[in-house]
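Below: one structure, written as structure tokens.
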Amino acid sequence: MITGIRGFKDILPGDVERWQFIENTARKVFEDFGFKEIKIPILEKTELFARSIGEDTDIVEKEMYSFLDRKGESLTLRPEATASVLRAYIEHNLYKEEPIKKLYSIGPMFRYERPQKGRYRQFYQINAEVLGIGDPKIDVELMVMLLHLLKRLGVEKTDLNINSLGCSQCRPQFRETLRSFFERRLNILCPDCKRRFTTNPLRIMDCKVETCSKVVSDAPSILNFLCSECLTHFDEVKEGLRIFEIPYMVNPYMVRGLDYYTRTAFEITTNELGAQNAIAGGGRYDNLLKELGGPDIPGIGFAMGVERLALLLKERKDLFRFPKVFVAALGSEAQNNAFRLIAALRLKGIWAEMDYGDKSLKSQMRRANKLKVHFALIMGEQELKSGCAILRDMETGHQEKIDLSKGIDELIEKID
Ligand code: HAM
């Protein structure tokens, strides 16, 4: 037997309803906030991710699915969507028609991580980006939208963590201070962090190795190094969250796992998922468009993990849909009538089912029960002669005669 790949999950009926609910709710909320959908490819040139996410990040160093195509070009299965959205924005000159764009996308991402509950090698993200607005109000608006979406999904026990990562003016000084802090503790750091110490000491803040996180907990805070513009921006974000009465925690050690962030960074976590507790994360990336060869335009966005949300919605049995009516027909003539009837109902948007083959009424009703239908419509020989059928409400057991000789309108009125 050929099995699926480790970390790549099938999403089967029974689970897929939660995916659909999450995606449909996200589309509705995003569009109410002025976002338009963008569909981007799953495969991009490796260089796009290396340049945007950063060469020294775990994603680029260890987690990308990269391969050479038949012409020897290095391609990568996208580990995230932001880089592709920005590439498309620049490539199609979207900023020329209107510099402000609010774009969302939904789809699978690929990261070669160690699979566990809530962490997979193919996982789905719902991603939102706002390009062209540097005002802190948009940072607040994005978090308001994200929390509103979570509320609509029924996910309310969450924590919002925020931080500011400074800008190209103030971050270099922080990086140097951080470097001298870690230099004095270099012998305790893990081999990866020893390397990060030279390449990008900020990445040490993200290390999950216990000894490293202990060192990080005493590290200097980036918030003491922010320039006055970054400080004002951060103050306005916090003030905006207060206006919307959104509780938040400032976490100066949250640097996020991608190198492109400037100023605001945020993450939504829950304590209901175990180790993989981040359900959404994002932040501002004011230099990224320019670094990718585009205009000097700011941007901000976030992505949420659909698998983690789906785990939180595990108990939502109300998301299942059941057929409205099961037509139980006895004898071949009644079966033919039933066959035409279910087609006519489906064309009217009513989910109808029947059994194929000559089965007993008992067996057909068993199937109707199994399908959890609202109604059964029984067509026997007797009914056939009079052009009628018996409509049974499966919940109450109430039965009544329905005249089908003049069409299906009466039936539709009763069941819809
Ligand atoms: P990220 O924090 O790497 O950010 O991922 C966002 C979310 O994707 C996480 O909070 C988590 O819910 C989910 N996620 C990440 N990796 C996995 C995995 N292996 N299995 C299951 N779920 C996972 C980004 O990707 C940025 N592009 C977000 C962003 C958009 N920043 C600005 N714009």
Side-chain angles (χ1 to χ4, degrees), residues 9-29 31-32 149-156 306 309-416:
K9 269 186 9 140
D10 298 310
I11 303 152
L12 304 175
D15 287 327
V16 88
E17 290 75 6
R18 282 175 283 141
W19 258 257
Q20 291 171 333
F21 170 62
I22 294 165
E23 290 183 11
N24 294 341
T25 312
R27 280 178 206 283
K28 170 76 179 92
V29 168
E31 289 179 16
D32 288 347
L149 169 56
L150 291 173
K151 195 168 174 193
R152 291 275 292 266
L153 295 173
V155 174
E156 294 199 58
V306 182
L309 287 170
L311 279 169
L312 293 173
L313 301 183
K314 198 98 192 151
E315 304 306 323
R316 290 288 300 270
K317 301 285 182 259
D318 58 306
L319 302 176
F320 295 119
R321 239 187 105 203
F322 301 105
K324 195 62 136 195
V325 59
F326 182 92
V327 183
L330 292 164
S332 61
E333 208 181 326
Q335 284 259 321
N336 285 339
N337 286 354
F339 189 49
R340 282 196 295 274
L341 180 61
I342 61 162
L345 287 169
R346 288 170 179 174
L347 292 180
K348 295 266 185 197
I350 294 171
W351 182 7
E353 291 292 341
M354 68 179 284
D355 238 347
Y356 304 93
D358 199 12
K359 305 222 177 97
S360 70
L361 181 62
K362 202 168 158 198
S363 140
Q364 294 192 49
M365 292 308 279
R366 253 204 314 269
R367 174 122 182 93
N369 269 319
K370 201 163 177 193
L371 289 173
K372 298 196 167 88
V373 294
H374 297 217
F375 296 96
L377 189 74
I378 303 156
M379 298 166 91
E381 292 197 358
Q382 198 81 56
E383 288 81 25
L384 205 63
K385 280 191 203 127
S386 59
C388 292
I390 309 282
L391 183 66
R392 180 186 170 88
D393 184 319
M394 298 294 277
E395 207 165 291
T396 62
H398 173 77
Q399 297 203 149
E400 62 182 306
K401 223 177 187 180
I402 303 275
D403 184 3
L404 292 173
S405 60
K406 295 187 212 77
I408 57 172
D409 290 351
E410 187 190 337
L411 173 65
I412 291 178
E413 206 171 290
K414 297 268 182 208
I415 64 176
D416 208 16

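No hydrogens, no waters, no symmetry mates; every other heavy atom, side chains included, goes into these values.
- The shortest side-chain heavy-atom distance between Leu377 and Ile415 does not fall under the 4.5 Å cut-off.
- The CD1 atom of Ile402 sits 6.0 Å away from atom CG of Leu411, with the distance rounded to the nearest 0.5 Å.
- Closest approach of Phe375 and Leu391 over heavy atoms only: CB-CD1, 3.8 Å.
- Taking CD1 of Ile350 as the reference point, atom CG of Leu341 lies at 9.5 Å (rounded to 0.5 Å).
- For the side chain to side chain contact (heavy atoms under 4.5 Å, CB included) criterion with Trp19, the lone passing option out of Leu313, Val306, Leu319 is Val306.
- Screening residues 9-21 for salt bridge (charged side-chain N to carboxylate O under 4.0 Å, His left out), with sequence neighbours left out, gives Asp15-Arg18.
- Listed here is the closest heavy atom pair of Ala328 and Gln364: CA-OE1, 3.1 Å.
- Remark: Ser386 engages Cys388 in a side-chain contact (heavy atoms from CB on, under 4.5 Å) (not counting sequence neighbours).
- Closest non-hydrogen pair, Ile22 versus Ala310, comes out as CD1-N, 3.7 Å.
- Residues meeting the side chain to side chain donor-acceptor pair (under 3.5 Å) test with Arg366, sequence neighbours left out: none.
- Atom CG of residue Leu309 and atom CG of residue Leu150 lie 6.5 Å apart, to the nearest 0.5 angstrom.
- Looking at residues two or more places apart in sequence or on another chain, you find no salt bridge (Lys or Arg N to Asp or Glu O under 4.0 Å) involving Lys151.
- For Arg152, the side chain to side chain donor-acceptor pair (under 3.5 Å) test picks out no residue, with sequence neighbours left out.
- Leu312 pairs by the side-chain contact (heavy atoms from CB on, under 4.5 Å) definition with Val155, Thr270, Glu272, Leu273, Ile279, not counting sequence neighbours.
- Legend: residues meeting salt bridge (Lys or Arg N to Asp or Glu O under 4.0 Å) with Arg346, ordered by chain and number and at least two apart, are Glu353.
- Around CZ of Phe320, the count of heavy atoms belonging to other residues, nucleotides or ligands within 6.0 Å exceeds 12.
- Contacts classified as side chain to side chain donor-acceptor pair (under 3.5 Å) and involving residues 333-344 (residues at least two apart or in different chains) are given here: Asn337-Arg340.
- Nearest approach of Leu153 to Arg316, heavy atoms of both residues: O-NH1, 3.5 Å.
- The two residues Ile342 and Tyr356 have their closest heavy-atom pair at CD1-OH, 3.7 Å.
- In this structure, the side chain to side chain donor-acceptor pair (under 3.5 Å) partners of Glu31, at least two apart in sequence or on a different chain, are Tyr104.
- Residues Val373 and Phe326 come closest through the heavy atom pair CG1-CB, 3.8 Å.
- Contacts classified as salt bridge (charged side-chain N to carboxylate O under 4.0 Å, His left out) and involving residues 372-383 (residues at least two apart or in different chains) are not found.
- Residue pairs that meet the salt bridge (charged side-chain N to carboxylate O under 4.0 Å, His left out) test with at least one member in residues 405-416, sequence neighbours left out, are Glu400-Lys414, Asp403-Lys406.
- Under the rule for a side-chain contact (heavy atoms from CB on, under 4.5 Å), the partners of Gln399 that lie at least two apart in sequence or sit in another chain are Ile378, Ile390, Arg392.
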